[in-house]
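A quick note: this is a predicted structure, and the numbers were derived from the prediction, not measured.
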Amino acid sequence: MSDTSPKEDELAGTEQPFVQHLMELRDRLLYCIYGIAVAVALLALWPGPNGLIDFIAQPIKAHMPPDAKLIAVGVFSPFFVPLKVLMMVGMLAVLPWLMYQIWAFVAPGLYSHEKRFALPLIIFGSLLAYVGIAFVQFFVLDKMFAFIQGFTPDSVAATPDIASYVEAILSLYLAFGLAFQVPIVVMLLVRFGLVDIAKLKAFRGYFIVVAFIIAAVVTPPDVISQLALAIPMCLLYEVGILGAGWFSRISRAPEEVPEPGTAVDKPADDKPAS
């Protein structure tokens with residue numbers, strides 16, 4: 001007879017009152033606000049709102065007539081647009097800090113083996129978001145505006161409004177930052193048993209169609225930006241499939257790891273008994 005007893009749940013007795021959860025949520029939100037405020041204050045000192053505007057406007061100014069400038073049509077645009085850019089860059093600068101606060105809020109409800117892979121996921125997800133935004137800034141916008149400005153008649157002066165320009169690039173930053181999280185989503189789906197790798201491989205053709213549909217919806221109506229979003233999504237889907245098996249193995253709970261010498265580790269013997 002086996003004398004093994006069921007393992008004790010490490011989360012047993014760690015339940016907290018609802019009010020305490022609300023207080024913890026309040027604290028985490030305040031930490032997020034403090035982080036954004038510090039980042040905004042530092043960015044306001046250097047490079048300043050003007051420097052940030054000049055930086056994000058480089059892709060479109062490279063394809064505008066010489067000495068041309070973006071215009072501010074709205075009455076309050078010269079004040080609110082630099083402020084919006086400052087807030088946007090401040091939030092991006094502290095993105096890992098914001099994601100850490102989310103993790104710290106849910107961490108008490110996670111098992112120890114889940115906490116081990118939570119922080120690497122936060123770092124990896126932040127890096128992917130930064131790569132997606134950098135891809136937009138240094139590649140997509142330049143190619144997109146070169147394509148669009150090529151259709152501008154000679155009798156038309158291409159002087160876009162700064163407010164509409166900022167809105168456009170903000171939507172692209174968000175779209176690419178989220179789209180570049182595809183490997184994280186794929187690995188988590190496999191880790192929590194919602195799908196398996198074989199189904200993901202079988203879904204590959206459908207995902208390509210889904211990626212192009214998403215790109216057509218969230219990007220401007222030009223071929224360059226749509227291809228620039230859909231193709232990386234398909235490549236990152238393959239990266240997620242490759243990393244899903246490895247991630248599932250390293251993030252297993254101790255009781256999920258088979259002991260050496262068990263039947264799980266031994267190859268099946270297909271030879272008939274003599």
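Of all the heavy atoms in Val166 and Lys84, the pair that sits closest is CG1-CD, 4.1 Å. When all heavy atoms of Lys61 and Ala68 are compared, the closest pair comes out as CE-O, 4.1 Å. When every heavy atom of Met233 is checked against every heavy atom of Phe207, the shortest pair comes out as O-CE2, 3.4 Å. Between Ala228 and Val140, the closest heavy-atom pair is CB-CG2, 3.7 Å. Contact between Ala175 and Val218 at its shortest, heavy atoms only, is CB-CG2, 3.9 Å. Shortest non-hydrogen contact noted between Leu70 and Ala57 is CD1-CB, 3.8 Å.
Aromatic ring orientation, Phe139 versus Phe135: parallel (interplanar angle below 30°, classes split at 30° and 60°).
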*Which is it for His63 and Ile148 under the side chain to side chain contact (heavy atoms under 4.5 Å, CB included) test, yes or no, and what are the steps along the way?*
CA-CA 9 Å; His63 301 282; Ile148 294 174; over 6 Å; no
*Please report the C-alpha distance between Met87 and Val40 in whole Å, then the side-chain angles of each, then the deciding distance to 0.1 Å, and finally whether the side chain to side chain contact (heavy atoms under 4.5 Å, CB included) criterion is met.*
CA-CA 6 Å; Met87 292 292 296; Val40 168; 3.9 Å; yes
*asked:* Set out, in order, the CA-CA distance, both residues' side-chain angles and the distance that settles side chain to side chain contact (heavy atoms under 4.5 Å, CB included) for Phe203 and Tyr237, then state yes or no.
replied: CA-CA 10 Å; Phe203 188 72; Tyr237 184 78; 3.7 Å; yes
*Passes side chain to side chain contact (heavy atoms under 4.5 Å, CB included), Val186 versus Val182? Steps please.*
CA-CA 6 Å; Val186 171; Val182 168; 4.1 Å; yes
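Met64 has its side chain out of reach of Lys69: every pair of non-hydrogen atoms, C-beta onward, lies at least 4.5 Å apart. Leu30 is listed as a side-chain neighbour of Arg26, based on a closest heavy-atom distance under 4.5 Å. Using a 4.5 Å heavy-atom threshold, the side chains of Leu141 and Tyr165 count as touching. Annotation: side chain of Leu188 is in contact with side chain of Ile184 (closest heavy-atom distance under 4.5 Å). Between Ile60 and Pro160 the shortest side-chain heavy-atom distance falls below 4.5 Å. With contacts defined as side-chain heavy-atom distances shorter than 4.5 Å, the pair Val81/Ile53 qualifies. Residues Phe124 and Phe247 have side chains not in contact (no heavy-atom distance under 4.5 Å, counting atoms from C-beta outward). A heavy-atom distance below 4.5 Å is found between the side chains of Trp97 and Tyr31.
Ring centers of Phe79 and Phe76: at least 6.0 Å apart, outside the cut-off. For Tyr130 and Tyr173, the ring centers are positioned 6.0 Å apart or more.
Not one N or O on the side chain of Gln137 forms a donor-acceptor pair closer than 3.5 Å with the backbone of Ile169. Side chain of Gln181 to main chain of Gly177: a donor-acceptor pair is present (N/O by atom type, distance under 3.5 Å, no hydrogens or angles). Although no hydrogens or angles enter the test, the distance criterion places no donor-acceptor pair under 3.5 Å between the side chain of Ser77 and the main chain of Val73.
Cluster annotation: Met99 is connected to Val185 through the hydrophobic network of ILVMFWY side chains, with a link wherever side-chain heavy atoms come within less than 4.5 Å. By the criterion of side-chain heavy atoms lying less than 4.5 angstrom apart, applied directly or through intervening Ile, Leu, Val, Met, Phe, Trp or Tyr residues, Tyr206 is grouped together with Leu236 in one hydrophobic cluster. In the hydrophobic cluster analysis, where Ile, Leu, Val, Met, Phe, Trp and Tyr join through side-chain heavy atoms closer than 4.5 angstrom, Trp46 is grouped apart from Leu92. Under the 4.5 Å side-chain heavy-atom criterion for grouping Ile, Leu, Val, Met, Phe, Trp and Tyr, Leu174 is not connected to Leu172 through any hydrophobic cluster. Note on Ile133: it does not cluster hydrophobically with Ile231, by side-chain heavy-atom contacts below 4.5 Å among ILVMFWY residues.
Between atom CE of residue Met144 and atom CD of residue Gln149 there is a gap of 10.0 Å, rounded to the nearest 0.5 Å. Taken from CD1 in Ile36 to CE in Met88, the straight-line distance is 13.0 Å, to the nearest 0.5 Å. Rounding to the nearest 0.5 Å gives a distance of 9.5 Å between CG of Leu229 and CZ of Phe212. Note that SG of Cys32 and CZ of Phe105 are 11.5 Å apart. Values are rounded to the nearest 0.5 Å. Interatomic distance, CG of Leu98 versus OG of Ser126, reported as 9.0 Å (0.5 Å rounding). The CG atom of Leu178 lies 11.5 Å from the CG atom of Leu128; values are rounded to the nearest 0.5 Å.
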